[in-house]
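Every value quoted in this text rests on a predicted model; they were computed, and no experiment measured them.
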Amino acid sequence: MKLATAAQMQELDQKAIRAWKIASMDLMERAAAAVAQVALDLLPERPSKCRAAVFCGAGNNGGDGIGAARLLFLTGVKVRVFLVGDYDRLTPDAMEETGRLSECGVELEAFSPGDSAQAAWVRSCHVLIDAIFGVGLSRDIAPDSQFAAAIDLINACKGKTVAADIASGVDAATGRVLGRGVRADQTVTFTLPKIGQTVGEGALLSGNVTVHDIGIPAPLVREMACPIQTVEADFAAAALPPRKPDGHKGNFGKVLVVGGAVGYTGAPYLTALAAVRSGCGLLYLGVPESIWAVEAEKCVSAMPFPLPSTRRGALSHRALPALLERLKECDVLALGPGLGRRGSTRKLVWDLLQETAKPVVLDADGINALEGHIDILDSRRGRVTILTPHDGEFARISGDFENRVEAARAFAREHGCILVLKGHRTITAVPEGNALVNTTGSSGLSKGGSGDVLTGLIASLLAQGATPVMAAAGGVWIHGRAGETAAETLTEYCLTPEDVTAAFPRVFSQLQENDK
């Protein structure tokens, strides 16, 4: 699904009003109706027994809230509407909504941070509507302002909170909280979801986000180019390569996993397990001879083979000829799980990256080996390279960053790679400048070994014929959904990386069924 910026939404509104001659008040009324309906759905009993507090700013977002207040009042809800801002700065449409509200006998009240009676009434409400700031907010909210006081009061209430278009205080472009942010249970956003509702702290503050059509013409929405989108189930289903009914193991991809060291035997095993479980036909696992016996006993569905080790039990650079030879018969190299950071091992990573033309999925210490040597990544421009760092690993090779989406996009463009920036709402950025935001997953995946499973899954899909972008972004979606599926019975506390892999069959089956 497309993710829009504030500027794009303003452009859509203006085109609808000017080119399509749609009255701005019609758009506002539809927005108000959507907000009011969601608020009604959250009421614990019939409207006449419930209270609602509506907080409005002076802009058009405030107008949406004022309109919603009127509609709630007409259903029987006891409503009070508080203006956070200056009355003389109300936009023309917000002023029109204020007049319509007044005709119903409800007046717009000035919000007073020091009014204890007002605060007590708000705290007694069953539902609160946040319409203070819209998507255009771009500067921090002053901590001693009435806006901060209103947000703090909303967050202190037990009633359910509905945000109109976006939770006030959330930067629509980055998800950053601008000093203060409303913690919404539901966000009713209009026409398209916003970037800031899917990434950063904004994703956490937005609650359940629903997108409502307010009458922007569909052709305008279709024509709008949005370089940032979410990954949905249909995308993940398309990432599953078709299986030939008469195929054999040689038809479904050959992956070479290279990793492991003394003390790090689990990582390569988990990568191999995930690759086999997700459809790879043949899996070779190159590990130091010091841990080969351990891997050979664990990996009954893969083919571990021993390679020269350093004295400390890590892979030696002397393994390079054997790995290059093995790569000749493989489709994809998964490099890095449990590898370690010794000098000889780092040199092995550098030379493998430069000498093989095969697609590479680079993870963990394979990524760490690029610190101070990003030119090696640049030397692979034109070849498929998928990096899967978490924020810490990414910072080592890119420098400090604040905006995860833009930092990922810039890195992928600059270095000609696909970057899978792992974390809450993992971002897949591609060299062309586009980015895909994942919306599956849970805290149960925040455990050592989860990234190794993802590496194996992406490598497997790539080897089976998925395009690099589909393998990367689709793999992230499947990985997250498998974590959610496994946690349904095991809980997020008890979930392990092996459980995630064990949930692959259910997720793959669901995707195939939905794709029919």
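Aromatic ring pairs are classed by plane angle as parallel below 30°, tilted from 30° to 60° and perpendicular above 60°; the pair Phe147 and Phe133 is tilted.
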**OP:** Please assess Glu232 against Lys2 for the test salt bridge (charged side-chain N to carboxylate O under 4.0 Å, His left out), listing each intermediate value before the final yes or no.
**Re:** CA-CA 11 Å; Glu232 307 295 338; Lys2 293 178 177 179; over 6 Å; no
Subject >> Candidate pair Leu377 and Leu353, rule side-chain contact (heavy atoms from CB on, under 4.5 Å), full reasoning >> reply: CA-CA 7 Å; Leu377 177 61; Leu353 289 174; over 6 Å; no
Original post:
How far apart are the C-alpha atoms of Val182 and Leu128, what are their side-chain angles, what is the distance that settles it, and do they pass the side-chain contact (heavy atoms from CB on, under 4.5 Å) test?
Top reply: CA-CA 11 Å; Val182 167; Leu128 301 97; over 6 Å; no
Original post:
Please walk me through it: do Val199 and Arg404 pass side-chain contact (heavy atoms from CB on, under 4.5 Å)?
Top reply: CA-CA 8 Å; Val199 299; Arg404 297 180 79 241; 5.8 Å; no
**OP:** Kindly determine whether Asp140 and Arg176 satisfy salt bridge (charged side-chain N to carboxylate O under 4.0 Å, His left out), including the steps that lead there.
**Re:** CA-CA 10 Å; Asp140 282 5; Arg176 185 171 75 87; 3.5 Å; yes
Subject >> side-chain contact (heavy atoms from CB on, under 4.5 Å) between Leu436 and Val469, intermediate numbers included >> reply: CA-CA 9 Å; Leu436 295 160; Val469 176; 3.9 Å; yes
Subject >> Thr161/Asp130 under side chain to side chain donor-acceptor pair (under 3.5 Å): CA gap, chis, key distance, verdict >> reply: CA-CA 7 Å; Thr161 298; Asp130 159 37; over 6 Å; no
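Looking only at distances, a side-chain donor or acceptor of Asp165 sits under 3.5 Å from a matching main-chain atom of Phe190. Formation of a donor-acceptor pair under 3.5 Å by the Arg481 side chain with backbone atoms of Thr440 is not found in this model. A distance-only check finds no donor-acceptor pair linking the side chain of Ser442 to the backbone of Glu484 [under 3.5 Å]. Side-chain atoms of His248 come within 3.5 Å of backbone N or O of Gly250 as a donor-acceptor pair. With hydrogens and angles disregarded, no donor-acceptor distance shorter than 3.5 Å links the side chain of Thr501 to the backbone of Ala274. Side-chain atoms of Lys194 never come within 3.5 Å of backbone atoms of Gly175 as a donor-acceptor pair (strictly under, hydrogens ignored). A distance-only check finds a donor-acceptor pair linking the side chain of His479 to the backbone of Ser450 [under 3.5 Å]. With hydrogens and angles ignored, the 3.5 Å screen pairs a side-chain donor or acceptor of Gln8 with a backbone N or O of Ala225. Looking at Asp13, its side chain never comes within 3.5 Å of a backbone N or O of Gln10 through a donor-acceptor pair. Ser278 places a side-chain N or O within 3.5 Å of a backbone atom of Ala275 that can act as its donor or acceptor partner.
Proximity of Thr191 to Leu220: side-chain heavy atoms (C-beta onward) are nowhere separated by under 4.5 Å. Side chains of Leu387 and Ile397 form a contact here, defined as non-hydrogen atoms less than 4.5 Å apart. At least one side-chain heavy atom of Ile154 sits under 4.5 Å from a side-chain heavy atom of Ile132. Two residues are said to be in side-chain contact when any heavy atoms from C-beta on lie closer than 4.5 Å; Phe401 and Phe411 fail this criterion. Between Pro389 and Leu419, some side-chain heavy-atom pair lies under the 4.5 Å cut-off. Thr428 has its side chain out of reach of Val231: every pair of non-hydrogen atoms, C-beta onward, lies at least 4.5 Å apart. Proximity of Leu348 to Ser316: side-chain heavy atoms (C-beta onward) are nowhere separated by under 4.5 Å. Within the 4.5 Å cutoff, the side chain of Asp331 has no heavy atoms near those of the Lys358 side chain.
Atom CG in Asn155 sits 7.5 Å away from atom CG in Leu205 (nearest 0.5 Å). Distance check, rounded to the nearest 0.5 Å: CD1 of Ile418 to OG1 of Thr388 gives 12.0 Å. The line from CD of Glu393 to OG of Ser398 is 11.5 Å long, rounded to the nearest 0.5 Å. Atoms CZ and OG, on Arg183 and Ser168 in that order, are 14.0 Å from each other to the nearest 0.5 Å. Taking CG of Leu461 as the start and OG1 of Thr467 as the end, the distance is 10.0 Å to the nearest 0.5 Å. The structure places CZ of Arg243 at 5.5 Å from CD of Gln464, a figure rounded to the nearest 0.5 Å.
Other residues, nucleotides and ligands contribute over 12 non-hydrogen atoms within 6.0 Å of the CZ atom of Phe508. Heavy-atom neighbours of Arg312 CZ from other residues, nucleotides or ligands within 6.0 Å: at or below the threshold of 12. Atom CZ of Arg413 is surrounded by more than 12 heavy atoms from other residues, nucleotides or ligands within 6.0 Å. Residue Asp400 qualifies as open at atom CG: its count of foreign heavy atoms under 6.0 Å is 12 or below.
Inspection of the Arg506 and Thr485 side chains reveals no N or O donor paired with an N or O acceptor under 3.5 Å. Defined by atom type and a distance below 3.5 Å, a donor-acceptor pair is missing between the side-chain atoms of Thr174 and Asn403. For the residue pair Ser509 / Glu513, no side-chain donor-acceptor distance below 3.5 Å is found, with atom types taken as modelled.
For Asp375, there are no salt bridge (charged side-chain N to carboxylate O under 4.0 Å, His left out) partners at least two apart in sequence or on another chain. Qualifying side-chain hydrogen bond (donor to acceptor under 3.5 Å, both in side chains) partners for Glu329, counting only residues two or more places apart in sequence or in other chains: Tyr284.
None of Thr271, Asn368, Thr455 except one satisfies the side chain to side chain donor-acceptor pair (under 3.5 Å) rule with Asp363; the exception is Thr455. Tested against Asp365 for a salt bridge (charged side-chain N to carboxylate O under 4.0 Å, His left out), the candidates Arg341, Arg396, Arg346 yield a single pass: Arg341.
Here the closest non-hydrogen pair linking Ile386 and Pro468 is CD1-O, 3.8 Å. Nearest approach of Ser309 to Pro288, heavy atoms of both residues: OG-CB, 3.2 Å. Minimum heavy-atom separation, Pro304 to Glu295: CG-O, 3.7 Å. Smallest separation of non-hydrogen atoms from Gly451 and Lys422: CA-NZ, 3.7 Å. In this structure, Ser344 and Thr310 approach most closely via the heavy-atom pair CB-CG2, 4.1 Å. Nearest heavy atom pair, residue Thr189 against residue Val209, reads CG2-CG1, 3.9 Å.
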